[in-house]
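Step one of this worksheet: look at the structure below.
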2 protein chains.
Amino acid sequence: MTTAHLDATFMALADPTRRAILARLAQGEATVMELVAPFKLSQPAISKHLKILERAGLITRGRDKQKRPCRIEPQPLAEANQWLESYRKLWEANFARLDDLLDELKQQKP
Amino acid sequence: MTTAHLDATFMALADPTRRAILARLAQGEATVMELVAPFKLSQPAISKHLKILERAGLITRGRDKQKRPCRIEPQPLAEANQWLESYRKLWEANFARLDDLLDELKQQKP
DNA sequence: AGGTTGTATAACCGATGGGAAATATACGAG
DNA sequence: CTCGTATATTTCCCATCGGTTATACAACCT
């Protein structure tokens, strides 16, 4: 995964409206108007969010008559998840080492 | 984890410089100047990034004489990870169901 | 063809991000 | 006290975000 790709993915996730859209899409495809409904936002506002999600590859859009149904694309999420996971493990390993060190120090001077 | 907290965390992760800083800090504490060194950026630029990371709770800073060593705080990362993970699982479950459906359809009409 | 619904685009606005440069502050060394 | 180092803060710039309203485009239905 390129750095730019991670940029776009995390940036797309950094907005509550977009995370809510993703949560909604987790239950299945939805049209733009169906996504507009639950929010107090205008349709263009939602379309903008969808474009950002699309740019990050988090969703793709089909064509059904004049509707453009959105669906989730799980791969970029998996990649972001992988990045987070690997660093989390690394950090936790570091903290474990730190804990070990502290334990050692405590034992040396009780 | 509050929505605002997730906002700040993902926003902080959406910049390659900040991710690089986190990667550097994964190897242990570092001062501001040590973090400035590997980049072509000015010191104030790095200080800004550190402030954003601090705001998201991803790092904390100590005090050692006139230095302000930065260290990683793993908890918010774990929380972001948890959010991603849960949605990823949900989406993958959805895709699995879709796959099952497709398999079923294939078997019906071979 | 004309009207309606679904979606996208444009133009605009205020807030914020990411950067540079300059300056201020805080601390330690001599 | 002064100098140098480490860091923070201020000021300024430009680009982008997130929202609005108004408008255009596209596809369906009479």
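In this text the structure is predicted, and so the values were computed from the model without any measurement. Letters A, B, ... are given to chains in the order of the sequence lines, protein chains preceding strands, and every chain is numbered from 1.
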[N] phosphate, OP1 or OP2: any side-chain N/O from [X] under 4.0 angstrom?
| X | N | result |
| --- | --- | --- |
| B/Ser42 | C/dA20 | yes |
| B/Arg55 | C/dG17 | yes |
| A/Arg18 | D/dG18 | yes |
| B/His49 | C/dG19 | yes |

Report task. Go through the side-chain N and O atoms of B/Ser47 and B/Gln43 and say whether any donor and acceptor fall under 3.5 Å apart. Result ->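 A pair is found: one side chain offers a donor N or O, the other an acceptor, under 3.5 Å apart.
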**Report entry** side-chain contact (heavy atoms from CB on, under 4.5 Å) against B/Glu85, all qualifying residues, sequence neighbours excluded
**Finding:**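 Residues passing side-chain contact (heavy atoms from CB on, under 4.5 Å) with B/Glu85: A/Asn81, A/Glu85, B/Asn81, B/Arg88, B/Lys89.
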Query - Results of side-chain contact (heavy atoms from CB on, under 4.5 Å) for B/Ala23 - residues two or more places apart only - result: A/Tyr87
Query raised in the report: Would you say A/Arg68's side chain and A/Gly62's backbone share a donor-acceptor pair under 3.5 angstrom?
Result: yes
Query raised in the report: With no hydrogens and no angle check, is any side-chain donor or acceptor of B/Arg61 less than 3.5 Å from a backbone partner on B/Cys70?
Result: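 Absent.
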Starting from [atom2] on [N], measure out to [atom1] on [X] and report it in whole angstrom.
| X | N | atom1 | atom2 | result |
| --- | --- | --- | --- | --- |
| A/Asp7 | C/dG18 | CG | C1' | 12 Å |
| A/Lys67 | C/dT4 | NZ | C1' | 13 Å |
| B/Glu54 | D/dT7 | CD | C1' | 12 Å |
| A/Leu13 | D/dG18 | CG | C1' | 17 Å |
| B/Glu34 | D/dT7 | CD | P | 8 Å |
| A/Phe39 | D/dG19 | CZ | P | 10 Å |

Query - Working for side chain to side chain contact (heavy atoms under 4.5 Å, CB included), residues A/His49 and A/Thr17 - result: CA-CA 8 Å; A/His49 283 303; A/Thr17 301; 3.7 Å; yes
**Report entry** Of A/Lys40 and A/Gln66, the one whose closest DNA chain D nucleotide lies more 5'
**Finding:**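 Taking each residue's closest nucleotide, the earlier one in sequence belongs to A/Lys40.
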Requested in this report: Specify the residue among A/Lys65 and A/Thr17 whose closest nucleotide of DNA chain D lies further upstream toward the 5′ end.
Outcome: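 It is A/Thr17, whose closest nucleotide lies nearer the 5' terminus.
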Requested in this report: For A/Ala45, report the nucleic acid contact type (base, sugar-phosphate, nothing); a contact means any heavy atom under 4.0 Å.
Outcome: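 Base: the residue A/Ala45, judged by heavy atoms under 4.0 Å, touches a nucleobase.
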List every contact pair, protein side and nucleotides 8-10 of chain C side both N or O, where the distance is under 3.5 Å.
unit_1: C/dA8; atom_1: OP1; unit_2: A/Arg61; atom_2: NH1; d: 3.0
unit_1: C/dA8; atom_1: OP1; unit_2: A/Arg61; atom_2: NH2; d: 3.3
unit_1: C/dA8; atom_1: OP2; unit_2: A/Ser47; atom_2: OG; d: 3.1
unit_1: C/dA8; atom_1: N7; unit_2: A/Gln43; atom_2: NE2; d: 2.8
unit_1: C/dA8; atom_1: N6; unit_2: A/Gln43; atom_2: OE1; d: 3.3
unit_1: C/dT9; atom_1: OP2; unit_2: A/Lys51; atom_2: NZ; d: 3.1

Query raised in the report: Which nucleotide in the list C/dT7, D/dC17, C/dC27 gets nearest to the side chain of B/Arg63?
Result: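 Out of C/dT7, D/dC17, C/dC27, the nucleotide with an atom closest to B/Arg63's side chain is C/dC27.
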**Report entry** Minimal non-hydrogen separation, A/Ala30 against A/Arg24, with atom names
**Finding:**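 For A/Ala30 and A/Arg24, the tightest heavy-atom pair comes out as CB-NH2, 3.5 Å.
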